[in-house]
Amino acid sequence: MKNLTILGSTGSIGVSTLDVVKAYPDMFRVVALTAGNNLELLKTQIETFRPNLVSVLTAEKAQALSRSLTGKKPEIMHGVEGMIAAATASETTMVVAAIVGAAGLVPTTAAIMAGKDVALANKETLVTAGHLVMQMVREKKVKLYPVDSEHCAVFQSMAGHRSQDISRVILTASGGPFLNWGREKLQAATVADALNHPNWSMGRKITVDSATMMNKGLEVIEARWLFDIPVQRIGVNIHPQSIIHSMVEYVDGSVMAQLGTPDMKGPIAYALTYPGRVPSGVKALDLTALSGLTFFKPDTDRFPALQLAYRAADAGESMPAVMNAANEIAVEAFLGGRIGFMAIAEAIEKVMDLHEPHTLASIEEVLEADRWGRRTAKEVLGVGC
Ligand SMILES: NC(=O)c1ccc[n+]([C@@H]2O[C@H](COP(=O)([O-])OP(=O)(O)OC[C@H]3O[C@@H](n4cnc5c(N)ncnc54)[C@H](OP(=O)(O)O)[C@@H]3O)[C@@H](O)[C@H]2O)c1
């Protein structure tokens, strides 16, 4: 029996995780759940999974949740303290890190420091603090399982192989909703256009990241830390069908790939049950029903965010955390209708131009770099969000 904490249970990954968990009551027990603002969904999850502890964003939300619950209530906490308590709960053996953005960093690292295995969806944890996080994973001897479908595919494609035989990791990208849009049309892209992803159903922030291709850039940095491979040997192929989830190329020219119907329940179930496999509810793949699988190089002229992520990875130190923070602010401004689509990458580039990278020796220093990136992005954009 695995005892789970799910950080971000009301999000897209959180809900898919609970779908998998619900199908295997003999394998999983839910110890703690955290949410942000979605009290209605959290209430339903509490009634279904009966966790001991839950946490929400604010004290007001915690009180409102408490008032809405009848019968035996879980302990209800709030804020960072609540997320840390959920991540480190003594009964928990595995934490699913599914909060969006740099907000996931503190509870995820708290889980690792408390010796919990982590199923990691929150890629921003590794983007902002990869060197510190991987050091903690080694020191605490915990397991870090990738939930991102690309990294789950790389993980599976590396199994049974020697790391010195790997020549390249190739992450696949759907290309998002704007794959075939010209620059001029992109200037006028609306929020609804950006949220209209062709293959994946995800939270709003990652869906916009997917449209700008910053998501793939964040994944390149995530892969650099997860698999200890230089970014120069991590490539990106556009693969609009999202059937091959990523590949590993070996020195003898062989390429190992993982294929499947695009559905996050697959990588989630694999992370929860590794090294076993269980039916995850993902539709079986029928290759004969596909008209073809295609691959091509990304266009960094129309999608400059991908190149910015490579630049941030090259600069290292505090630059990825600053880039990530600027991206979060710019995406929020775009979603709020305050800036246009192309202004997202322009703002990130300006913030990076203004930043002098420096060493980050602690999570507190990462958070300080994150705050600097947010402040500077707001100044650059002239927004107060
Ligand atoms: N969705 C996917 O298919 C997918 C695939 C691969 C990787 N990922 C990664 O997984 C993570 C989650 O993505 P998602 O699509 O599931 O996001 P999402 O649907 O937006 O859900 C985010 C979750 O985090 C909570 N949350 C948001 N801001 C918070 C804050 N400041 N403090 C505490 N909790 C907060 C939300 O709570 P409320 O909703 O209650 O406010 C929600 O439970 C991201 O890092 C993403 O890059 C997602």
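Atoms within a ligand are numbered from 1 in the order they appear, just like the ligands themselves. Along the sequence shown, residues are numbered consecutively beginning with 1.
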Worksheet entry | Salt-bridge criterion met for Glu364 and Arg371 (N-O under 4.0 Å) | yes
Worksheet, complete the sentence: Distance col, row Arg233:CZ vs Arg224:CZ, nearest 0.5 angstrom, shows 11.0 Å
Worksheet item: Are any side-chain N or O atoms of His151 and backbone N or O atoms of Glu219, one a donor and one an acceptor, separated by less than 3.5 Å?
Response: yes
Item to complete: May I ask you to check if ligand 1 and Gly36 share an N or O to N or O distance below 3.5 Å?
Response: yes
Item to complete: Would you check the N or O atoms of Asn215, main chain and side chain alike, for any that come under 3.5 Å of an N or O of ligand 1?
Response: no
Item to complete: Using a strict 4.0 Å threshold on nitrogen-to-oxygen distance, state whether Glu379 and Arg375 make a salt bridge.
Response: no
Response to the item:
Heavy-atom proximity to atom 28 (N) of ligand 1, picking from Thr58, Leu41, Val100, points to Val100
Worksheet entry | Atoms in ligand 1 flagged as close to Asn38, the criterion being non-hydrogen separation under 4.0 Å | 38 (P), 40 (O), 41 (O)
Discussion item. If you count heavy atoms of other groups shown closer than 6.0 angstrom to NZ of Lys143, is the number above 12?
Written reply: no
Practice prompt. Measure Leu57 to ligand 1 on non-hydrogen atoms and call it side chain, backbone, both or neither using the 4.0 Å cut-off.
Written response: side chain
Worksheet item: Should one rank Ala121, Pro267, Cys152 by closest heavy-atom distance to atom 10 (O) of ligand 1, which comes out on top?
Response: Ala121
Worksheet item: How close does the nearest protein non-hydrogen atom get to atom 45 (O) of ligand 1, and which residue and atom is it?
Response: Glu124 OE1, 2.7 Å
Worksheet item: So, is Arg204 polar-close to ligand 1, with some N/O to N/O distance under 3.5 Å?
Response: no
Worksheet item: Angle class for the His131/Trp225 ring planes (parallel below 30°, perpendicular above 60°, tilted otherwise)?
Response: tilted
Worksheet item: Considering only heavy atoms, does Met264 approach ligand 1 within less than 4.0 Å through its side chain, its backbone, both, or neither?
Response: side chain
Worksheet item: Any idea which protein heavy atom is nearest atom 47 (O) of ligand 1, and the distance to it?
Response: Lys123 CE, 3.1 Å
Discussion item. Within the 4.5 Å heavy-atom criterion, are Tyr24 and Pro279 side-chain neighbours or not?
Written reply: yes
Practice prompt. Give a yes/no verdict on whether any heavy atom in Lys205 is under 4.0 Å from an atom of ligand 1.
Written response: no
Fill in: Single-linkage hydrophobic cluster Val322~Tyr310, side-chain heavy atoms < 4.5 angstrom
no
Response to the item:
Residue, atom and distance of the protein heavy atom nearest atom 41 (O) of ligand 1 read Asn37 N, 2.8 Å
Item to complete: Would you check the N or O atoms of Ser12, main chain and side chain alike, for any that come under 3.5 Å of an N or O of ligand 1?
Response: yes
Worksheet item: Closer than 4.0 angstrom: is that true for some heavy atom of Ala98 and an atom of ligand 1?
Response: yes
Item to complete: Please examine the side chains of Leu7 and Thr5, heavy atoms only from C-beta on, and report whether any two atoms are closer than 4.5 Å.
Response: yes
Discussion item. Tell me the nearest of Val15, Ile13, Val56, Ile99 to atom 44 (C) of ligand 1, using heavy-atom distances.
Written reply: Ile99
Practice prompt. Can you spot which of Ser174, Ser242, Ser210 makes a side chain to side chain donor-acceptor pair (under 3.5 Å) with Asn199?
Written response: Ser242
Worksheet entry | Polar contact flag for Gly8 and ligand 1 (N/O pairs, less than 3.5 Å) | yes
Practice prompt. Compute the shortest N/O to N/O distance between Thr34 and ligand 1 and return yes if it is under 3.5 Å, no if not.
Written response: no
Item to complete: Report, in ascending order of atom number, the atoms of ligand 1 lying under 4.0 Å from any heavy atom of Met83.
Response: 33 (C)
Fill in: ligand 1 atoms in contact with Ala103 (distance to a heavy atom under 4.0 Å)
30 (C), 31 (N)
Worksheet item: Looking only at heavy atoms, is any part of Thr10 under 4.0 Å from ligand 1, and if so is it the side chain, the backbone, or both, or is it neither?
Response: both
Worksheet item: Salt-bridged, Glu124 to Lys205, with N to O below 4.0 Å?
Response: yes
Discussion item. Could you identify the single nearest non-hydrogen protein atom to atom 8 (N) of ligand 1 and state the distance to 0.1 Å?
Written reply: Ile206 CD1, 3.6 Å
Worksheet, complete the sentence: Of all protein heavy atoms, the one nearest atom 21 (O) of ligand 1 is Gly11 CA, 3.1 Å
Worksheet item: Taking atom CD of Glu40 as the centre, does the number of heavy atoms from other residues, nucleotides or ligands within less than 6.0 Å exceed 12?
Response: no
Response to the item:
Closest to atom 20 (O) of ligand 1 by heavy-atom distance, out of Ala102, Ala97, Gly203, is Gly203
Discussion item. Tell me whether the rings of Phe155 and Tyr274 are parallel (<30°), tilted (30 to 60°) or perpendicular (>60°).
Written reply: tilted
Practice prompt. Mind running salt bridge (charged side-chain N to carboxylate O under 4.0 Å, His left out) on Glu47 and Lys43 for me, showing each step along the way?
Written response: CA-CA 6 Å; Glu47 287 160 358; Lys43 182 172 179 273; 3.3 Å; yes
Practice prompt. Just need the protein heavy atom nearest to atom 6 (C) of ligand 1, so name the residue and atom and give the distance.
Written response: Asp148 OD1, 2.9 Å
